[in-house]
There are 2 protein chains.
Amino acid sequence: MSVGIRDVARAAGVSTATVSRALGRGPVSDALREQVEAAVRATGYRPNLSARRLRSQATQTIGLIVADIRNPFFTAVSRAVEDAAYQAGMRVILCNTDEDAEREALYLRLMQEERVTGVIFAPTRATAQAMRAGSLDFPVVLIDRSGPPGAHDSVVLDNAAASAALVDHLVAQGYARIGGVFGSTSSTAQERRAGYEAAMGRHGLEPAARACAPNALAAEAEAGRWLAEDGRPEALILSNGLMLMGAVRAARTLALPIPGALALAGFDNEPWTELLDPGLTVIEQPVAEIGAQAMSLLFDRLKSPDQPVRKVVLSGRTVLRGSTRKP
Amino acid sequence: MSVGIRDVARAAGVSTATVSRALGRGPVSDALREQVEAAVRATGYRPNLSARRLRSQATQTIGLIVADIRNPFFTAVSRAVEDAAYQAGMRVILCNTDEDAEREALYLRLMQEERVTGVIFAPTRATAQAMRAGSLDFPVVLIDRSGPPGAHDSVVLDNAAASAALVDHLVAQGYARIGGVFGSTSSTAQERRAGYEAAMGRHGLEPAARACAPNALAAEAEAGRWLAEDGRPEALILSNGLMLMGAVRAARTLALPIPGALALAGFDNEPWTELLDPGLTVIEQPVAEIGAQAMSLLFDRLKSPDQPVRKVVLSGRTVLRGSTRKP
DNA sequence: ATGATCACTGAAAACGTTTTCAGTCAGCTC
DNA sequence: GAGCTGACTGAAAACGTTTTCAGTGATCAT
């Protein structure tokens, strides 16, 4: 039924070893290589990757574990990762954890069984802390979020600086009661929160941070509650694109004009943030660069497993738009 | 180094066959199963999926080939597909073709080498036409776009009806010079165009359809050109979410108020379409359902390979918003 | 002419599982 | 007690490749 390397060998009148060498790299005379290629064409042979992977012990597979591919940030990063991977002749297995530690563990186990070459992972805080350096038998590159220093290579945003930039801008525009709503599951949200608090302190302002699940629904609820209180903030910073959308919704529901009654700023320069009127002030993350760098770190690590752990910190770009105009 | 099934067998004092049976389903006495499980825990054994796949000839892998995962429509569908797949104990290999026939062929070849169980595929028109029914040795389910009838299972939107609904609504609102910009690469865009033209005809109106690459940039350019012409349309229909965004941009650039100078409608109820002021009138596609149905069709096909080809046609939901208000 | 080197080739082992095949043993039926 | 059945078990044969190992013959330096 299925045509294997033996069939090709028979058709070409050579041994399977020669076929294998002719198709891969190996010393084969031009004449035989010709014959083999003809036989491949004639038989319609397609190598069986499972067999190849088993024998050569090189799966050429990398795992990509993110919270939710529907978050445009992860979508863009994963596209960059996939492009780089396929370019290098590797395939990608994508997994969504929904910020759930149990599923993270499940998928890490799966990666072991797949004998992946390496993994690119955006872990929750809990898992990042728990992951010891050498406990997995493949290298791991953390993206967007990092764990305890020195454990794994990582590529992250300079979150504190980015938050500070937003605060500085809002303060310069004359805002003082600046609140922040940050995700509760990731180290990144924590860093953004810390950066926000530090910057507020630097300006002699009282920080007011709240936390909720890093999605649109939770942020809409949290922001809605907050904005309905007495002494509600004049400006709000949200720690990712989904949450920013939730805040816009909440403001709409409460009929708070932006920036008239509420200034809004956040992370992730998604296309729609520019389309609103006024547009939203955001920190743009270099998404393609993050994905590409992650792959690059992974390849470097594979090449020299013992080199010191590297942490690539990329800067966000502050995109100023109407949502933070002077009140 | 790596612990294999032989190590477990030795530790448990049984044969590898028994270990295999204890871990999978097979007749094993409770006592031995216990021993094996203990040995697995003790050794930290993780099965090697490459070996398993090779021997059992069941890869438990499905391929998902889409144009671009960054298109929110495909993102949502792929998330649904992945959820269903992992639930059924299968992995997913994701590929982006960028509407390029060459890459489509490349990835289909890759799927053959992976010996995938099945493929879910959103092909360009060219490839859909060229794909003969039995030429691949795995079942294919087409999503979003379909090919020649009877060749492959598929799940698509009722595109003609959806387009017609938009036209009917615009006509009811008093618009007459209604233009359409449709993607140039997919059967789906063609169907949407046909539905648009038929509906215009039914209303005794002259259809005016143009085509461009189905992305935001191309649509912005095309719409921009058109809207700058004399006798520009009073209303525009765009054939997907990205193109709709392009049209919004073009209208902004030309300072055409929506719906004052231009009514806008399109496909894909992405979150941002509601956030604009006014919101955009769109056809919402049942994205999760599309993904789930595709997996379901695929499983059915695997169960009974010879059953007649099925085409699942889902209806879009018309979401009326301010962008198509009376002029 | 001899030995050494070189470039290529094929037979067979290996990769880590699952599955087949042939037992083995206990419990039953007659 | 002989023969059957049924439930379990282990040895060994796959699965389809790549890689090792041992040639083979040709070329080259001596």
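No hydrogens, no waters, no symmetry mates; every other heavy atom, side chains included, goes into these values.
Closest contact between the side chain of Asn48(A) and the listed nucleotides dT17(C), dG16(D), dG10(D) involves dG16(D). The nucleotide whose nearest atom lies closest to any side-chain atom of Ala17(B) is, among dT17(D), dA12(D), dG16(C), dA12(D). The listed nucleotides are dG10(D), dT18(D), dT9(C); the one nearest the side chain of Leu32(A) is dT9(C). Of the candidates dT19(D), dT9(D), dT9(C), dT19(D) carries the atom nearest the Ser56(A) side chain, counting heavy atoms from C-beta on. Listed nucleotides dT17(C), dT19(D), dG10(C) differ in distance to Ser20(A); the shortest reach to its side chain belongs to dT19(D). Of the candidates dA14(C), dT18(C), dG16(C), dG16(C) carries the atom nearest the Leu54(B) side chain, counting heavy atoms from C-beta on.
Nucleotides of DNA chain D nearest to Ser15(B) and Leu23(A) differ in position, and the one nearer the 5' end is that of Ser15(B). Both Gly13(B) and Arg115(B) lie near DNA chain D, and the one whose nearest nucleotide falls closer to the 5' end is Gly13(B).
Protein atom CZ of Arg53(A) is 15 Å distant from nucleotide atom C1' of dT17(C), rounded to whole Å. One atom, CZ of Arg33(B), and another, P of dA7(D), lie 15 Å apart when rounded to the nearest Å. One atom, CG of Asp30(B), and another, C1' of dA7(D), lie 12 Å apart when rounded to the nearest Å. Rounding to whole angstrom units, CZ of residue Arg25(B) and P of dT18(C) are separated by 11 Å. Rounded to an integer number of Å, the gap from CD of Gln112(B) to P of dG16(D) is 15 Å. The interatomic distance linking Arg10(A) (CZ) with dA11(C) (C1') rounds to 16 Å, in whole Å. Between Ile5(B) atom CD1 and dA14(C) atom P there is a gap of 19 Å when expressed in whole angstrom units. At whole-Å resolution of the value, OH in Tyr45(A) and C1' in dT18(D) are 10 Å apart.
With no hydrogens or angles considered, no side-chain donor-acceptor pair links Glu114(A) and Thr61(A) at under 3.5 Å. In this structure, a donor-acceptor pair under 3.5 Å is absent between the side chains of Asp300(B) and Gln307(B). Between the side chains of Thr185(B) and Glu99(B), at least one donor N or O sits under 3.5 Å from an acceptor N or O.
The residue Ser29(A) sits close only to the backbone: its heavy atoms come under 4.0 Å of sugar-phosphate atoms, none of a base. Residue contacts for Leu49(A): at a heavy-atom cut-off of 4.0 Å it reaches no nucleic acid atom on any strand shown.
Checked options Arg301(B), Lys311(B), Arg310(B); the residue passing with Asp153(B) is Arg301(B) (criterion: salt bridge (charged side-chain N to carboxylate O under 4.0 Å, His left out)).
For Arg21(B) and dG10(D), a side-chain-to-base donor-acceptor distance below 3.5 Å is present, hydrogens and geometry of angles not being considered. At a cut-off of 3.5 angstrom, the base of dT17(C) holds no donor-acceptor pair with the side chain of Arg55(B).
Checked against the 6.0 Å centroid criterion, the rings of Phe121(B) and Tyr107(B) do not qualify as a close aromatic pair.
A close approach under 4.0 Å does occur between a side-chain nitrogen or oxygen of Gln57(A) and OP1 or OP2 of dG16(C).
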Please report, to 0.1 Å, the donor-acceptor pairs under 3.5 Å made by any side chain of residues 18-25 of chain B, with sequence neighbours excluded.
{"residue": "Thr18(B)", "atom": "OG1", "partner": "Ser15(B)", "partner atom": "OG", "Å": "3.3"}

